[in-house]
Amino acid sequence: MTKPIVRFAPSPTGKLHVGNVRTALMNWLFAREAGGTMILRVDDTDLERSTKAYEQGLKDDLEWLGLTWDSTFNQSDRFDRYDAAAEKLREAGLLYACYETSEELDRQRKLARAQGKPPTYNRAGLSLTDAQKNDYRREGRLPHWRFKLSGNPVVWDDMVRGEQSIDTSSISDPVLIRADGTYLYTLPSVVDDIDEGITHIIRGEDHVTNSGAQIEILKALGGTPPQFAHTPLLVAADGSALSKRLGSLSMDELRTQGIEPMAICSLLGKIGTSDPVEARPDLDTLKSEFSFSKIGRAPARFSEDELALVNAKFLHDMPYAQAKPRLEALGIENGEDFWVLVRANLEKFNDSVGWATMFNAPMSGQIADEDFDFCTAAAAGLPDKITAETWSEWTGKLKEATGRKGKTLFMPLRLALTGRARGPAMDQVLVMLGSEKAKARLKGEVG
Ligand code: GLU
């Protein structure tokens, strides 16, 4: 197989969110696994809504996620190419001028529905005489331009959906150029896909009908249709639409919350597939496990709770070498033993600050009144030199001496030593605290 060339084509009209990141990820996983090329195409033909700030934001987000690209370009730099393609289609009689206003089109659609007919465009533009066109122009109406579909079925073998057939007689001839001369997304996308030699178009299944029209346009321009993979859309855990909540699911927002990029990629790479949803250590692992054949037809359910779980699990598995520079950046220099001990207690990486402070900073633990004597006695019984065995020997003696067992034995010690009801294994905590600190805290002093 020749090496794939794919493109991720976001519009810089908003922030990157879990929905479009999933599309970027699928492109990346597929292309990288096959040693192919990934192009970042900035779909900024909508000059009013596109901004450079959003464009920079989405590039920063992709970098943060590790979804690298080999080249990038902006559609707004390529209007001459789109003009040339439009001219070619006009000459072939496949791009025709239409003069209806949007109110007129609305009315026609309503009428068709009322008559039980499909609300597709009636193609009146195709049969206008030159005299009629001139009349419209004199009225001050400017044409918009539609592509003339063949009316035949367009068939392709989708890498996710299997055999697809779009009956082009059931869809309206798509408008490619608006009356103000601006391009809708359809034609520029096809022109770029041809010029860039795109071999695989991987995108959401909301584009399936588009693909029918785009394949016809592509062929009319002399291109060879690439392969398509249309992935099911993301929905919320309860099956409802995610669209309204996407703002709070932007990369920006998730980064601020302390979610790891690899947790996002793990979740988005696995939901809706036959693989288990679990934290993967890196993108290379994820890509070696990726296959379109694993993607099901049902919508993929996205849940923030599941993202939080995957995030935590990713941290619990994180090797020290990976954590070390990040710990140091947080001013934590407690070494590998510390990391291995506390990581299973983290939900977010920065939770490690709290644990480091617990070990490093002078503090007093929590001692309930009724446990005070017990803790004082425990302090007296604690040896000066603490080893990995100290905890079990020491608590064994305390058990014999006091008759306390289970929770009433262990919890007061944990609370006095760490100030928290939950945390890492106490035998290790005790080693890391050292005798002096531990004794002070057991006596209710700052240590
Ligand atoms: N800018 C388009 C979108 O975000 C690109 C779709 C495509 O991949 O062709 O929907």
Side-chain angles (χ1 to χ4, degrees), residues 4-31 36-52 54-55 57-59 61-62 67 69 71-79 81-82 85 147 154 156 158-161 164 166 174-176 178 182-219 221 223 225-234 241-243 246-247 249-251 268 292 295:
I5 305 173
V6 305
R7 84 294 194 278
F8 173 54
S11 302
T13 54
K15 290 182 180 177
L16 214 58
H17 52 67
V18 290
N20 38 33
V21 165
R22 184 155 175 269
T23 299
L25 179 67
M26 301 272 157
N27 274 282
W28 191 95
L29 294 173
F30 174 72
T37 302
M38 166 105 165
I39 297 174
L40 173 62
R41 187 180 87 198
V42 182
D43 280 8
D44 60 350
T45 52
D46 185 342
L47 300 173
E48 303 241 304
R49 290 173 58 228
S50 301
T51 73
K52 281 288 166 195
Y54 281 135
E55 180 178 332
L58 68 88
K59 286 179 177 170
D61 288 343
L62 289 172
L67 303 179
W69 57 92
S71 65
T72 179
F73 67 93
N74 287 53
Q75 289 196 319
S76 60
D77 289 334
R78 292 174 43 82
F79 285 120
R81 291 292 300 145
Y82 311 145
F147 177 78
V154 175
W156 74 90
D158 196 281
M159 289 191 287
V160 176
R161 298 165 61 88
Q164 298 292 294
I166 299 290
V175 177
L176 302 190
R178 296 187 188 89
T182 59
Y183 286 95
L184 280 101
Y185 140 85
T186 314
L187 181 64
S189 182
V190 171
V191 172
D192 292 339
D193 289 338
I194 296 173
D195 285 0
E196 298 294 316
I198 299 301
T199 59
H200 296 78
I201 294 183
I202 302 159
R203 57 187 178 187
E205 67 183 11
D206 49 335
H207 283 290
V208 168
T209 310
N210 262 345
S211 293
Q214 286 188 336
I215 289 173
E216 288 211 334
I217 299 169
L218 190 129
K219 284 185 173 163
L221 290 171
Q227 282 196 265
F228 286 87
H230 290 95
T231 58
L233 301 183
L234 288 188
L242 207 55
S243 48
L246 285 175
L249 296 171
S250 68
M251 292 308 106
L268 294 177
F292 283 115
I295 300 179

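We count ligands from 1, going down the list as the structure has it; atoms in each ligand are counted the same way. All of these numbers come straight from a predicted model, not from anything done at the bench.
Among pairs with a residue in residues 6-31, those fulfilling salt bridge (charged side-chain N to carboxylate O under 4.0 Å, His left out) read Arg7-Asp193, Lys15-Asp252, at least two apart in sequence or across chains. Sorted by first then second residue, the salt bridge (charged side-chain N to carboxylate O under 4.0 Å, His left out) pairs that include residues 205-218, not counting sequence neighbours, are Arg161-Glu205.
Near ligand 1, heavy-atom contacts under 4.0 Å come from Arg7, Ala9, Ser11, Asp43, Tyr185, Ser189, Arg203, His207.
At least one donor-acceptor pair under 3.5 Å links the side chain of Asn27 to the backbone N or O of Ile202. Ser189 places no side-chain N or O within 3.5 Å of a backbone atom of Tyr185 that could act as its donor or acceptor partner.
For Asp43, the salt bridge (Lys or Arg N to Asp or Glu O under 4.0 Å) partners two or more places apart in sequence, or in a different chain, are Arg41.
Ring orientation note: the planes of Tyr183 and Tyr82 are nearly perpendicular, at an angle over 60° on the 30°/60° scale.
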